Each structure stands twice: as C-alpha cells, then as structure tokens.
Undergrad: 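Got a structure here, written out as structure tokens. Questions coming.
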There are 2 protein chains.
Amino acid sequence: MAMGRPREFDVDKALDLALQVFWSKGYEGASIADLTETMGITKPSLYAAFGNKEELFRKALDKYVDGPGGYFQVALAKPNIRAVVEHMLYESADAVTGPDHPPGCLAVQGALTCGDAAESIKQELVARRAKGEQDLRERFERAIAEGELPEGSDAADLAAYLSAILQGMAVQAAGGTTREQVRKIAEMALRTWPPPPDLATV
Amino acid sequence: MAMGRPREFDVDKALDLALQVFWSKGYEGASIADLTETMGITKPSLYAAFGNKEELFRKALDKYVDGPGGYFQVALAKPNIRAVVEHMLYESADAVTGPDHPPGCLAVQGALTCGDAAESIKQELVARRAKGEQDLRERFERAIAEGELPEGSDAADLAAYLSAILQGMAVQAAGGTTREQVRKIAEMALRTWPPPPDLATV
DNA sequence: CCAATTTCCTACCGATCGTTAGATAAGTGA
DNA sequence: TCACTTATCTAACGATCGGTAGGAAATTGG
C-alpha cells in the first residue's frame with residue numbers, strides 16, 4: 001500500500017503553537033494567517049491536518065484542558081475538600097499567570113462574547129465551564145456527605161462561588177495582573193474558606 | 001447661517017442600541033453591519049455621527065459606565081464600608097443579569113482577548129477595570145483609616161479580591177447563569193466579608 | 001427663489017476573512 | 001521504473017471586513 005509523502009511538520013507541536021495563538025487572541029481574534037505564521041505551516045497544510053478553524057480550536061481546547069488546564073482535575077482528586085480547594089486556588093493562580101504561555105484561561109477568554117459565526121465555539125466554552133462547575137459541585141456533595149463541610153452547606157452554591165473566584169482570577173490575569181497579586185486573591189479566598197451556610201435558609 | 005438637513009435619527013438612542021450590540025457580541029464580534037442594522041441607520045450615517053467603529057465603542061463604553069455600570073460609583077459613595085461592599089455585590093449581581101440588556105459586563109467581555117486591530121480597545125478596557133479597582137482600593141484605604149476594617153487589612157489586596165469576585169460573577173452571567181444563582185455568589189462573598197488579614201505577614 | 005450647509009442613500013473601495021483548486025514533490029509497494 | 005497516495009506550495013475563490021465617494025434631499029438664511 002502506498003503511504004504518500006510524509007508530513008514535514010510535527011502535528012502535535014503545531015497544535016500546541018495554535019493553542020498559544022487562540023489563548024492570547026481568542027477564537028475570533030486569531031486569524032488563519034496568525035495561526036499559520038506561528039505554526040510555521042501553510043494554510044492548505046493547516047486545513048489538511050486539522051479540518052478547519054473551528055476543529056483546530058476544539059483540538060487546541062482539548063490539549064489545553066489536559067495540559068495547562070490539567071490542574072483542575074488534579075485538584076478534584078485530592079483526598080479532602082480543604083486540599084481540593086487549596087490546590088484549585090493556588091494552582092489556578094499560577095496557571096493563569098504562567099510565564100511560558102499567554103495569561104488567563106482559554107476557557108474564559110477563548111470566546112466570552114463573539115459574532116454569530118463563532119456562536120457554537122462560545123457555547124462549547126460555556127458548556128466546558130459548566131462541566132467544571134458541575135464536577136466541583138459533585139466533589140462538594142461528596143465532602144458534605146463525608147461531613148467535611150459545615151451542616152447546611154449547599155454544594156451547588158459552593159461550586160458557583162469557587163468557580164466565580166477562579167474565573168475572576170483569570171480575568172485579572174488576562175488584564176496583566178502579576179502572579180503575586182493573583183496569588184494574593186487566592187490566599188484571601190482561602191482565608192475565608194469555607195463560607196458558612198446561610199442560616200436564614202436552613 | 002444655513003443649518004443643513006436635520007438628522008433623522010436620535011443620536012443618543014442609536015448609541016444606546018450600539019451599546020447593546022457591543023455588550024452582547026464584544027468589540028470584534030460586532031460588525032458594522034450588525035451595528036447599523038440594530039441602530040436603524042446606514043453606514044455613512046454611523047460614520048458621520050460617531051467617527052468610526054473604535055470611537056463608537058468608546059462612546060458606548062462611556063454611556064455604559066454611567067448608565068448600566070453606574071452602580072459602581074454609587075456603591076463607592078456609601079457611607080460605611082460594609083454598605084459599599086454590600087451594594088457593590090448585590091447591584092453587580094443584578095446588573096450583570098439584567099433582563100433588559102445583554103448578560104455580563106461590557107468592561108469584561110468587550111475585548112478580554114482580541115486580534116491586533118483591537119489591541120487599543122482591549123487596553124482601554126484593561127485600564128478601566130484597573131481604574132475601578134484603584135477606586136475601590138482608595139475606598140478601602142479610607143475605611144482602614146477610619147477603623148472600619150480589621151487591623152492589618154491591606155486595601156490593595158481587598159480591592160483585587162473584590163474585583164475578582166465581581167468579574168467572576170460577570171463571567172458567570174455571560175455564560176447564562178441566572179440572576180438567582182449569581183445573587184447567591186454575591187451572598188456567599190458577603191457572608192465571609194471581610195476576609196481577615198494574613199496574620200503571617202503582620 | 002437661491003445659495004449654503006448638512007444628512008441621506010446607493011454603490012463602491014481595498015484589505016482581509018476563512019477556505020480551496022490544481023499542480024508539483026516525496027514517499028511506498030509492486 | 002511505475003502507479004498510487006499523501007503532503008507541499010502558489011494562487012486564487014467568494015464573502016465580509018471597516019470605511020468612503022458622490023450625488024440627491026432637506027433644512028436655513030438671504
């Protein structure tokens with residue numbers, strides 16, 4: 001069987017470079033010309049290897065989630081809830097201000113708003129963030145069942161609250177806030193953790 | 001002196017409609033065609049009245065800041081720091097989930113990331129957010145001077161922390177989170193307020 | 001009524017958008 | 001060597017991007 005001409009670039013490396021571009025410019029802000037230039041390949045090579053811009057973004061997002069964004073699942077797997085939240089906050093602070101990649105979080109800034117053409121990408125990111133919050137909620141439910149959190153604690157509320165803090169740190173980082181300052185946000189959130197349940201609703 | 005043909009549309013109303021478009025699609029995602037269609041005017045009318053896309057955005061942003069975003073300054077003016085933070089959190093929760101306008105916050109989602117052409121708009125938004133945080137910091141400094149916050153409290157850290165929570169709520173809202181859920185985030189943040197100073201650094 | 005001024009609209013500008021033909025080059029298997 | 005397959009490149013596609021000429025229409029002051 002004929003194998004054809006071998007590819008002259010490393011698909012995985014090229015995808016990683018595409019990730020950097022999407023990460024710093026967002027889905028809409030990253031043009032195909034931006035991407036091919038950074039990836040060091042021509043447009044037809046990009047399309048042959050990755051389909052189209054949308055598919056390329058989705059592949060880059062997958063790579064992000066279990067690469068730079070992998071700390072999230074690592075944190076979820078910690079044995080006690082305090083460790084989960086600590087890890088989540090500290091690692092997130094470092095992740096959104098990492099010196100070797102763009103600041104912020106791809107899942108937040110990839111397409112927080114967009115034109116009609118990118119609507120499905122925006123929805124994908126909404127769904128990913130919701131999934132992360134849902135995972136967090138389930139982890140909190142377990143912690144509540146195991147008596148690790150104050151009686152009356154609401155897992156869904158805790159998950160929404162922590163998600164908001166993480167996303168807020170990502171926005172700060174995207175705006176150029178330093179690692180040290182973002183770490184302080186994480187520390188302050190942790191200093192008040194866990195938020196007591198609303199006694200009025202118990 | 002000849003006065004010329006009178007304008008057939010209300011500039012202020014048109015600007016408000018442009019604001020809605022930028023708010024929901026972001027600076028890059030909002031095309032001139034989107035804008036003119038929503039504003040009910042033609043392209044030459046838009047350019048004659050507002051200069052260009054960038055100027056239009058800046059004018060819409062000004063309108064946003066002292067319209068839908070006006071709660072921020074209102075909160076800052078509250079007489080005690082508890083009222084400032086309460087108002088800031090609750091009004092923000094309602095503002096980013098208002099039923100009569102797009103969800104989220106223009107200063108966050110207008111251009112969190114973008115291509116090269118929109119870089120100056122992104123920087124403008126970064127500066128606006130930084131200004132808000134700075135205002136907050138000054139308000140906390142005053143509160144500390146007046147003995148309203150625990151000894152050792154750091155005004156800059158408190159401002160960064162609260163800013164992050166507000167921005168996190170905006171991200172949540174942009175993703176479709178309901179008003180009730182965002183309000184719960186505000187309530188939880190308030191329940192733990194104020195975060196105690198880090199005793200290790202005192 | 002006429003000149004001056006300003007807004008209106010249609011039609012278009014060059015540049016860039018994402019995407020793809022079509023030809024050529026480089027490899028494999030027979 | 002020759003067919004086959006796949007990657008490479010240049011060059012282009014139609015659509016849309018932000019922005020603008022140029023002329024008709026509507027107002028004012030004379």
Side-chain angles (χ1 to χ4, degrees), chain A residues 1-15 17-19 21-22 24-61 110-111 113-122 124, chain B residues 1-15 17-18 21-22 25-61 110-111 113-122 124:
Chain A
M1 202 75 60
M3 294 254 303
R5 178 172 176 172
R7 192 166 261 136
E8 294 177 2
F9 65 95
D10 182 329
V11 175
D12 198 64
K13 273 191 168 37
L15 182 56
L17 290 165
L19 167 57
V21 178
F22 282 129
S24 71
K25 298 191 169 187
Y27 177 74
E28 270 183 336
S31 70
I32 298 289
D34 286 332
L35 291 162
T36 54
E37 194 176 341
T38 297
M39 296 164 86
I41 62 176
T42 62
K43 289 194 268 184
S45 293
L46 186 154
Y47 279 85
F50 302 103
N52 59 18
K53 189 184 181 185
E54 194 166 324
E55 285 183 48
L56 175 60
F57 181 85
R58 296 191 135 92
K59 282 164 184 154
L61 179 57
T113 58
C114 61
D116 304 328
E119 192 63 29
S120 75
I121 292 293
K122 175 177 135 191
E124 166 86 37
Chain B
M1 204 69 64
M3 294 257 300
R5 177 171 175 172
R7 193 167 262 136
E8 293 177 3
F9 63 95
D10 182 328
V11 174
D12 199 64
K13 273 193 169 36
L15 182 56
L17 291 165
V21 177
F22 283 129
K25 298 192 169 187
Y27 178 73
E28 270 183 338
S31 70
I32 298 290
D34 287 331
L35 291 161
T36 55
E37 193 176 342
T38 297
M39 296 164 87
I41 63 177
T42 62
K43 286 195 272 183
S45 294
L46 186 155
Y47 280 86
F50 302 104
N52 58 19
K53 190 185 180 183
E54 195 166 324
E55 285 182 47
L56 175 60
F57 181 85
R58 294 191 137 94
K59 281 163 184 156
L61 180 57
T113 57
C114 61
D116 305 328
E119 193 63 31
S120 76
I121 293 293
K122 175 177 136 191
E124 166 85 37

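Remember, it's a predicted structure, so these values are computed and weren't measured experimentally. Residue numbers start from 1 in every chain, and the chains themselves are labelled A, B, ... in the order their sequence lines are given, proteins ahead of strands. Side chains included, hydrogens not; waters and symmetry mates left out as well; all remaining heavy atoms used.
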Undergrad: Starting at the 5' end of DNA chain C, write a dot or bracket for each base, bracketing those in Watson-Crick or G-U wobble pairs whose two distances are under 3.5 Å and using | for partners on another strand.
TA: ||||||||||||||||||||||||||||||
Undergrad: Within less than 4.0 Å of OP1 or OP2 of D:dT8, is there a side-chain N or O belonging to A:Ser45?
TA: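 For D:dT8, OP1/OP2 do have a side-chain N/O of A:Ser45 under 4.0 Å.
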Undergrad: Could you state the atom-to-atom distance from CG of A:Asp10 to P of D:dT8 in whole Å?
TA: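 Going from CG in A:Asp10 over to P in D:dT8 covers 12 Å.
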Undergrad: To the nearest Å, how far apart are A:Asp116 CG and D:dA15 P?
TA: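 Going from A:Asp116 (CG) to D:dA15 (P), I get 18 Å.
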Undergrad: Please give, in whole Å, the distance from D:dT6 P to A:Met3 CE?
TA: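 My rounded result for the distance is 10 Å.
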Undergrad: Just to confirm, is there a sub-4.0 Å distance from OP1 or OP2 of D:dC9 to any side-chain nitrogen or oxygen of A:Thr42?
TA: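 Checking A:Thr42 against D:dC9: at least one side-chain N or O falls below 4.0 Å of OP1 or OP2.
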Undergrad: Looking only at non-hydrogen atoms, find the nearest pair between A:Phe9 and A:Ala49 and report the distance.
TA: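 Scanning both residues completely, I find the closest heavy atoms to be CZ-CB, 3.9 Å.
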Undergrad: Mind calculating the distance between CZ (B:Phe57) and P (D:dG18) to the nearest angstrom?
TA: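 It works out to 14 Å between those atoms.
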Undergrad: How close or far is atom P of D:dG18 from atom CZ of B:Phe50, stated in whole angstroms?
TA: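 Interatomic distance, CZ of B:Phe50 to P of D:dG18: 16 Å.
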Undergrad: Kindly give the heavy-atom pair with the smallest separation between A:Leu15 and A:Met39, and that separation in Å.
TA: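 It is N-CE, 4.5 Å.
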Undergrad: Could you label the plane-to-plane angle of the A:Tyr27 and A:Phe22 rings as parallel, tilted or perpendicular, counting under 30° as parallel and over 60° as perpendicular?
TA: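 Judged by the thresholds at 30° and 60°, the geometry between A:Tyr27 and A:Phe22 is parallel.
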Undergrad: When every nucleotide of nucleotides 16-25 of chain C is labelled 5' to 3' by its protein contacts under 4.0 Å (heavy atoms), B for base, S for sugar-phosphate only, - for none, what sequence of letters results?
TA: -SSBBB---B
Undergrad: What closest approach, in Å, do A:Gly29 and A:Asp34 show between heavy atoms, and which atom pair accounts for it?
TA: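 The pair with the smallest heavy-atom distance is O-OD2, 3.5 Å.
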Undergrad: Is B:Glu55 atom CD crowded by more than 12 heavy atoms from other residues, nucleotides or ligands, each under 6.0 Å away?
TA: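 Counting other residues, nucleotides and ligands, CD of B:Glu55 exceeds 12 neighbours.
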Undergrad: Enter the distance from A:Leu17:CG to A:Asp10:CG here, rounded to the nearest 0.5 Å.
TA: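 It comes to 9.5 Å.
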Undergrad: Please answer whether the main-chain N or O of A:Ala33 pairs with a side-chain N or O of A:Thr36 as donor and acceptor at a distance below 3.5 Å.
TA: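 Here the side-chain-to-backbone pair exists.
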Undergrad: When the distance from CZ of A:Arg7 to C1' of C:dA26 is rounded to whole Å, what number comes out?
TA: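 Rounded to whole Å, this separation is 14 Å.
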Undergrad: In this structure, are over 12 heavy atoms from other groups packed under 6.0 Å from A:Glu119 atom CD?
TA: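 More than 12 heavy atoms, drawn from other residues, nucleotides or ligands, come within 6.0 Å of this atom.
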Undergrad: Nearest whole Å is fine: how far is D:dA24 P from B:Glu8 CD?
TA: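 Spelled out: CD on B:Glu8 to P on D:dA24 is 17 Å.
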Undergrad: Could you state the CD-C1' distance from B:Glu55 to D:dG18, rounded to the nearest angstrom?
TA: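 Rounding to the nearest Å, CD of B:Glu55 and C1' of D:dG18 are 13 Å apart.
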Undergrad: Under the criterion side-chain contact (heavy atoms from CB on, under 4.5 Å), I'd like the reasoning laid out for A:Arg58 against A:Ile121: C-alpha separation, chi angles, the key distance, then a yes or no.
TA: CA-CA 8 Å; A:Arg58 296 191 135 92; A:Ile121 292 293; 3.8 Å; yes
